[in-house]
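Accompanying notes for the structure given below.
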Number of protein chains: 2
Amino acid sequence: MSDARHIPAVTVSRLPVYLQALHAAAQRNIATVSSNDLANAAGVNSAKVRKDLSYLGSHGTRGIGYAVDELTREIALVLGLVTERAVVIIGAGNLGRALASYDGFTRRGFVLTAIVDSDPAVIGTHVGDLRVEPFTLLAQIVRDRSVEIAVIAVPAHVAQDVAQAACDAGVTALLNFAPTHVTVDPSVSIRTVDFSSELQILSFYAQRANAAVS
Amino acid sequence: MSDARHIPAVTVSRLPVYLQALHAAAQRNIATVSSNDLANAAGVNSAKVRKDLSYLGSHGTRGIGYAVDELTREIALVLGLVTERAVVIIGAGNLGRALASYDGFTRRGFVLTAIVDSDPAVIGTHVGDLRVEPFTLLAQIVRDRSVEIAVIAVPAHVAQDVAQAACDAGVTALLNFAPTHVTVDPSVSIRTVDFSSELQILSFYAQRANAAVS
DNA sequence: TGCTGTGAAACCCTTCACAGCC
DNA sequence: GGCTGTGAAGGGTTTCACAGCA
């Protein structure tokens with residue numbers, strides 16, 4: 001397979017930020033943005049923006065900048081946001097329910113299709129428009145509704161098993177909110193978001209800041 | 001100022017994962033771990049573990065590995081988790097409430113001290129042990145309770161103003177859950193966690209996976 | 001003149017490979 | 001024999017700086 005357009009991982013991770021900035025610009029009826037404008041909105045420098053966008057083969061106009069609507073389409077295309085992707089949330093505790101209610105979740109190209117839990121006391125309750133379904137139906141749900149992405153919002157000690165079950169059911173990507181590393185088949189993409197880790201990282205720098213003052 | 005012990009940012013971001021793995025080992029009554037053990041638990045390779053730990057000046061034992069309790073203390077010390085740090089959550093919507101209820105949040109060295117909101121309908125309601133206080137009292141709360149870290153759980157369009165208010169109030173670190181980039185004084189550390197961005201990044205790789213199959 | 005696109009340089013991070021020690 | 005600690009090599013990312021075009 002040709003990879004004429006290999007895009008570095010760091011660039012991929014910044015594309016959503018640019019997309020966000022472009023939407024903000026569109027809302028203010030701005031038709032073109034320079035790499036500098038995008039850089040300010042995204043909190044990076046303009047050379048990085050230009051380099052990143054050059055990987056998309058995206059063409060801005062010298063002397064002018066980038067057309068907002070065109071670049072928006074281009075990035076959405078590269079990220080695969082043109083086709084809708086079905087998402088299932090596993091775990092209907094505080095976090096799972098909050099995520100299900102989060103409207104930004106379903107806004108761009110993602111459709112929250114189901115939320116499942118294994119607790120009989122929770123199954124059947126409602127979260128927004130959805131009814132919590134039994135975890136045992138996961139495989140069937142994934143198959144019948146063509147779910148591609150599973151969000152893991154369960155306690156750490158069951159995260160690995162849940163992740164494996166999701167993979168077996170056929171999802172191709174996992175967003176893990178449990179504070180633990182989970183191992184899955186390399187063909188499945190996984191990203192972990194851990195509040196506790198983030199706080200600890202901030203703690204390191206907060207400590208630094210204090211030390212610098214004293 | 002001497003920076004005899006400069007620790008790379010990527011290493012700092014991995015330390016919480018190692019800490020996590022060490023706690024898991026301690027719970028199973030394991031006294032020593034090799035770089036290989038840690039690597040497996042953290043999802044990285046052993047050379048990276050050794051390099052990372054070498055920045056701490058931490059001493060393992062050749063032929064044996066690292067003492068679990070000693071390394072745990074060492075990492076906690078480096079991350080500044082020895083002294084407790086007070087946290088305030090700004091925004092008592094779905095997400096803010098879920099975060100406040102998340103016990104992993106307060107588990108290691110962090111004390112959730114207050115949750116504030118500007119909506120009169122929400123002020124005075126309870127979240128766990130806490131009562132939602134008015135956003136207008138933020139500066140006073142930060143001062144009186146020595147708050148170091150603010151968690152931003154408000155809509156994107158007010159995130160920048162809220163972040164600035166938190167900085168003015170005197171916090172030294174921000175954890176931003178709003179799906180937008182916020183700019184603050186460089187002396188304040190900030191990390192942004194955005195569900196929507198994470199999903200979009202996964203979308204990119206999910207798309208790749210599909211393309212590889214066909 | 002203004003801004004993009006991009007080679008080249010600089011920098012940072014990862015991985016290798018092995019000396020050194022238990 | 002096993003495992004750490006680390007120079008050195010390798011690879012990836014950022015930044016520079018400027019040619020090229022509107």
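Keep in mind that the numbers below use all heavy atoms, side chains included, and drop hydrogens, waters and symmetry copies. Lettering follows sequence order; numbering is per chain, from 1.
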With a 4.0 Å cutoff (strictly under), does any side-chain N or O of A:Tyr66 reach OP1 or OP2 of D:dA22?
no
So how far is it from B:Ile149 CD1 to B:Ile89 CD1, rounded to the nearest 0.5 Å?
11.5 Å
Side-chain donor-acceptor pair present, B:Asn36, B:Ser34, cut-off under 3.5 Å
no
Would you please say whether a donor-acceptor pair under 3.5 Å links the side chains of B:Ser203 and A:Arg85?
yes
Please check: side-chain N/O of A:Glu74 versus main-chain N/O of A:Gly57, any donor-acceptor pairing under 3.5 Å?
no
Check for a donor-acceptor pair, side chain of B:Arg108 on one end and backbone N or O of A:Gln200 on the other, with a separation under 3.5 Å.
no
Between A:Phe177 and A:Phe195, how do the two ring planes meet: parallel, tilted or perpendicular, split at 30° and 60°?
tilted
Length of the CD-P vector between A:Glu74 and C:dT4, whole Å:
16 Å
To the nearest Å, how far apart are B:Leu56 CG and D:dT6 P?
12 Å
Could you run down nucleotides 12-22 of chain C 5' to 3' and tag each one B, S or - for protein heavy-atom contact under 4.0 Å?
-SSB-B-BBBS
Specify the residues of residues 16-44 of chain A, ordered by number, for which at least one heavy atom lies under 4.0 angstrom from an atom of DNA chain C.
A:Ser34, A:Ser35
Within-4.5 Å side-chain heavy-atom neighbours: B:Asn176 and B:Asp194:
no
Please examine the side chains of B:Ser13 and A:Phe204, heavy atoms only from C-beta on, and report whether any two atoms are closer than 4.5 Å.
no
